[in-house]
Amino acid sequence: GKQELSNSLIASLLNEDLFIVLESANGQELEAEIRPEFPFYAYLTGSEEVPRVSTLERGCALFDFDIVNGELDYHIFYNTPNAQIVEFRDGNFGEIGQLEEFIPIVNENFENGTLVLSAEQQAEILSEDWYIEIVTSDTGLGLIRGQILFALSDSNCNSGSSESSNSDSSASSSSDSSSTTYGRYYLSSERYFDF
């Protein structure tokens, strides 16, 4: 089903401060925090390229980050013909960054998978210092690119970045194998509480 949220509840949701409480017939309650399913995203366009590329091709990507195991799960969607490689680069907006990782394109219009990141790469992801780029076979150059950004509010983005130097402090903020997905948000069983 759907539940309409007030502005204050939307703000709580974006700040990861919204909970759901389930109550059984005998009065037992189960409480769980609602969190974003994908904490990072990227929107890929030619205008992000350096120099700018005039194209109608577009793409979007969703990322889940497991800080405990250093794994970045990616789900990349695009409408780029002749796409050959997806490159992950270290760089900010307007910069041509150093190549960190790349994956060959094996599907048409989407790629899914997992990258295992070093501690330095994890810190760069948390600082929003990576972008992805679709490289085409006809030119060998990037056609569209997009910065990998936090899908959360700025306050959570900043707190995530500051916690990245503490490997254990934000371990529970990543995905876990015991989570159940519901649309764009999920309930983490690590945050269940019995009363």
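- Every residue two or more places apart in sequence or in another chain that forms a ring-ring contact (aromatic ring centres under 6.0 Å, His included) with Y74 is listed here: F88.
- Under the 4.5 Å side-chain heavy-atom criterion for Ile, Leu, Val, Met, Phe, Trp and Tyr, L72 and V116 are members of distinct hydrophobic clusters.
- Note that SG of C60 is 9.0 Å distant from CD1 of I132, once rounded to the nearest 0.5 Å.
- Placement of L115 and L126 within a single hydrophobic cluster is found when ILVMFWY residues are connected by side-chain heavy-atom separations under 4.5 Å, directly or transitively.
- Counting heavy atoms from C-beta outward, V53 and I144 have side chains that stay 4.5 Å or more apart.
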- Apply the test side chain to side chain donor-acceptor pair (under 3.5 Å) to residues D73 and T114: give CA-CA distance (whole Å), side-chain angles for both, the deciding distance (0.1 Å), then the verdict. CA-CA 4 Å; D73 294 333; T114 302; 2.6 Å; yes
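- For F40, the ring-ring contact (aromatic ring centres under 6.0 Å, His included) partners at least two apart in sequence or on another chain are F150.
- Without hydrogens or angle criteria, D129 side chain to N92 main chain gives no donor-acceptor distance under 3.5 Å.
- Under the 4.5 Å side-chain criterion, counting only non-hydrogen atoms from C-beta, I125 is in contact with L117.
- Between the side chain of E87 and the backbone N or O of E101 there is no donor-acceptor pair closer than 3.5 Å.
- By the neighbour-count criterion of 12 heavy atoms within 6.0 Å, atom CG of N7 is sparsely surrounded, having that number or fewer from other residues, nucleotides or ligands.
- Residue F65 is grouped with residue I76 when hydrophobic side chains (ILVMFWY) are merged at heavy-atom distances under 4.5 angstrom, including chains of intermediate members.
- Note on V86 and L99: separate hydrophobic clusters, where clusters join Ile, Leu, Val, Met, Phe, Trp and Tyr whose side-chain heavy atoms are under 4.5 Å apart, directly or indirectly.
- A 4.5 Å side-chain heavy-atom check between Q84 and T136 finds every atom pair outside the cut-off.
- Remark: side-chain polar atoms of E33 are not paired, donor with acceptor, to backbone N or O of F19 under 3.5 angstrom.
- The two residues A151 and F38 make their nearest non-hydrogen contact at CB-O, 3.6 Å.
- The closest side-chain heavy-atom distance from R145 to V50 is below 4.5 Å.
- For F63 and H75, the gap between ring centers reaches or exceeds 6.0 Å.
- Residue pairs meeting the side-chain hydrogen bond (donor to acceptor under 3.5 Å, both in side chains) criterion with at least one partner in residues 38-49, sequence neighbours excluded, are T45-S47.
- In plain terms, the two heavy atoms of N79 and E57 that are nearest each other are OD1-CA, 3.2 Å.
- Here L30 contributes atom CG and L22 contributes atom CG; the two are 5.5 Å apart, rounded to the nearest 0.5 Å.
- Under the 4.5 Å side-chain criterion, counting only non-hydrogen atoms from C-beta, I103 is not in contact with I85.
- I148 and I67 fall within the same hydrophobic cluster, where Ile, Leu, Val, Met, Phe, Trp and Tyr residues are linked whenever their side-chain heavy atoms come under 4.5 Å apart, directly or through other members.
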- Let me see the working for V106 and E111 under side-chain contact (heavy atoms from CB on, under 4.5 Å), right down to the final yes or no. CA-CA 7 Å; V106 296; E111 293 298 326; 3.5 Å; yes
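- R89 and E133 are joined by a salt bridge, as a carboxylate oxygen and a charged side-chain nitrogen come within less than 4.0 angstrom of each other.
- Checking side-chain atoms of T80 against main-chain N and O of A83 turns up no donor-acceptor pair under 3.5 Å.
- Using a 4.5 Å cut-off on side-chain heavy atoms (C-beta onward), I105 and Y78 make contact.
- Closest of all the heavy-atom pairs between I134 and L44 is CG1-CD2, 3.7 Å.
- Counting only distance, with no hydrogens or angles, the side chain of Q147 and the backbone of W130 share a donor-acceptor pair below 3.5 Å.
- Nearest heavy-atom pair, G146 versus A42, reported as atom, atom and distance to 0.1 Å: O-CB, 4.0 Å.
- In this structure, D66 contributes its side chain and V68 its backbone to a donor-acceptor pair below 3.5 Å.
- Q122 and G70 make their closest contact through NE2-CA, 3.4 Å (heavy atoms, listed as atom of the first residue, atom of the second, distance).
- Rounding to the nearest 0.5 angstrom, the gap separating the CG atom in N107 from the CG atom in N112 is 7.5 Å.
- When side chains are defined from C-beta on, E100 counts as touching Q121, because their heavy atoms get closer than 4.5 Å.
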